[in-house]
Amino acid sequence: MPEMPEVEAVSRLLRRHAVGARIVCLRIERLRITAPQDPRDVELGASGRTIDTVDRRGKNILVHLSGGSALHVHLRMTGNLRVIQDARLHNAVTSAWALLDDGRGLVFEDPRGLGTLRLHPAGTTQDFGLGPEPLSPDFSAEAFHALAKASRQPAKSFLMDQRQIAGLGNIYAAEALWQARVNPARMISSISRPKLRTLHAAIVRVLEDAVESACIAYSRPGGFREAEEYSPSVYDREGQACLRCRRPIRRIVQAGRSTYYCPRCQR
DNA sequence: CTGCCCCTGTAA
DNA sequence: TTACAGGGGCAG
């Protein structure tokens, strides 16, 4: 279920509970997840290494290992990373798991199996081709304005394009557009400067709230139940009353994905 | 831009 | 049984 806020929550959890531990061995259960790399190479490359630091870039997690290599995890739709007390207790939806030197397990769970795990060899720097981090100082209103004016995409496609902004996905893109009262189909470059400023602020506010919710949810025993913490204002509310104007929320399809919006508030 | 693919679970 | 799922890469 991860967009940037959930990935951030997972990253913080790893920083708290996994950094400093040594990976005795890594086991890839779902062989496809490392493609095009050989799963064995990933297993051998990580085994015996210590977890030094954890970085997040957009929705990507980088687990930096001693010696300079790094595990690169993308959770896609249904992935999750958890530290469990006993590595032997990993379950049926485990895509990969690492036995840590104190017996705990670092587990990559993913019922749908779309998530990926790769190894970046020491000395290589991976270019993710990502836009600015929306909660970093790089993401100023001015920077956002410049990106928007240079694009001819519909507003929602623009927000979800990782090359423009790193980490926004279907839920929070819809939420930000609703907050700022921007029609998701409107071409982003045609939006006025004041409106873009409003949208910029909405993106930051929505993500800050979501990061907070996700961190609370993920830090609870049992892991990620963020749906209980974060309830979207428009996402997945087709036919229900808009929380501002009571008109029914509409669902359309953009770029093959559902978009929810209020036809009255978002013109 | 559209559509198709990856894979599995869940809900209508 | 079908549609859809919070992601992303690819071909056309």
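Here is the naming used below: chain letters follow the sequence lines, and residue numbers restart at 1 for every chain. All figures in this text were calculated on a predicted structure; none of them were measured in a lab.
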With sugar-phosphate meaning primed atoms plus P, OP1 and OP2, does A:Arg32 contact a base, only sugar-phosphate, or nothing at under 4.0 Å between heavy atoms?
sugar-phosphate
Within this structure, what is the CD-to-C1' distance between A:Glu175 and C:dG6, rounded to whole angstrom?
12 Å
Name the nucleic acid region contacted by A:Ser258, choosing base, sugar-phosphate or nothing; use a 4.0 angstrom heavy-atom cut-off, strictly under.
sugar-phosphate
Atom P, compared across C:dT2 and B:dC5: separation rounded to whole Å:
16 Å
Walk me through it: do A:Phe128 and A:His72 pass the test ring-ring contact (aromatic ring centres under 6.0 Å, His included)?
CA-CA 11 Å; A:Phe128 293 90; A:His72 171 201; 4.9 Å; yes
In this structure, how many angstroms lie between the P atom of B:dC6 and the CG atom of A:Asp110, rounded?
16 Å
How far, in whole Å, is B:dC1 from C:dG6 if one measures between their C1' atoms?
23 Å
Closest approach to the side chain of A:Ile171, judged atom by atom: which nucleotide of B:dT8, C:dA5, C:dG6 is it?
C:dG6
Closest to the A:Met160 side chain: C:dG8, C:dG7, B:dG9?
C:dG7
Value in whole Å for how far the P atom of B:dT10 lies from CZ of A:Arg112
12 Å
Is a salt bridge present between A:Arg197 and A:Glu142, judged by a nitrogen-to-oxygen distance below 4.0 Å?
no
Check: A:Glu3 side chain, A:Gly169 main-chain N or O, donor-acceptor pair, under 3.5 Å:
yes
Take the protein atom CD of A:Glu3 and the nucleotide atom P of C:dG7, then report the distance between them rounded to whole Å.
5 Å
With nearest nucleotides of DNA chain B determined for A:Ser157 and A:Arg76 from heavy-atom distances, which residue corresponds to the more 5′ nucleotide?
A:Ser157
Quote, to the nearest angstrom, the C1' distance that separates B:dC6 from C:dT1.
22 Å
Please give, in whole Å, the distance from C:dC4 C1' to A:Ile252 CD1?
17 Å
Looking at C:dG7, I'd like to know if its phosphate oxygens (OP1 or OP2) sit under 4.0 Å from a side-chain N or O belonging to A:His74.
no
Testing A:Thr34, A:Leu26, A:Ile33 for side chain to side chain contact (heavy atoms under 4.5 Å, CB included) with A:Pro39, which one passes?
A:Thr34
Quick one: label A:Gly169 by what it contacts on the DNA or RNA (base, sugar-phosphate, nothing), any heavy atom closer than 4.0 Å.
sugar-phosphate
So does A:Tyr172 get a side-chain nitrogen or oxygen closer than 4.0 Å to the phosphate oxygens (OP1/OP2) of C:dG6?
no
Rounded to whole angstrom units, what separation is found between the CD atom of A:Glu8 and the P atom of C:dG6?
22 Å
Validate the cation-pi geometry between A:Arg244 and A:Trp178: distance from NZ or CZ to the six-membered ring centre under 6.0 Å, angle to the ring axis within 45°.
yes
Mind checking whether A:Gln254 and A:Pro184 have side chains closer than 4.5 Å, heavy atoms only?
yes
Can you measure A:Glu109 atom CD to B:dG9 atom C1' for me and round it to whole angstrom units?
15 Å
Between the base of C:dA5 and the side chain of A:Arg257, is one N or O donor paired with an acceptor at under 3.5 angstrom?
no
Rounded to the nearest Å, what distance is computed from the CG atom of residue A:Leu75 to the P atom of nucleotide C:dG6?
15 Å
Rounded to the nearest 0.5 Å, how far apart are CG of A:Leu44 and CG of A:Leu119?
10.0 Å
By the 4.0 Å heavy-atom rule, please label A:Pro5 as base, sugar-phosphate, or nothing.
nothing
Taking the side chain of A:Leu114 as heavy atoms from C-beta outward, which of C:dG8, C:dG6, B:dC6 is closest to it?
B:dC6
Derivation of the ring-ring contact (aromatic ring centres under 6.0 Å, His included) call for A:Tyr235 and A:Tyr230:
CA-CA 11 Å; A:Tyr235 179 80; A:Tyr230 189 93; 9.8 Å; no
Dot-bracket, DNA chain C: Watson-Crick or G-U, under 3.5 angstrom, [ ] crossing, | other strand?
|||||.||||||
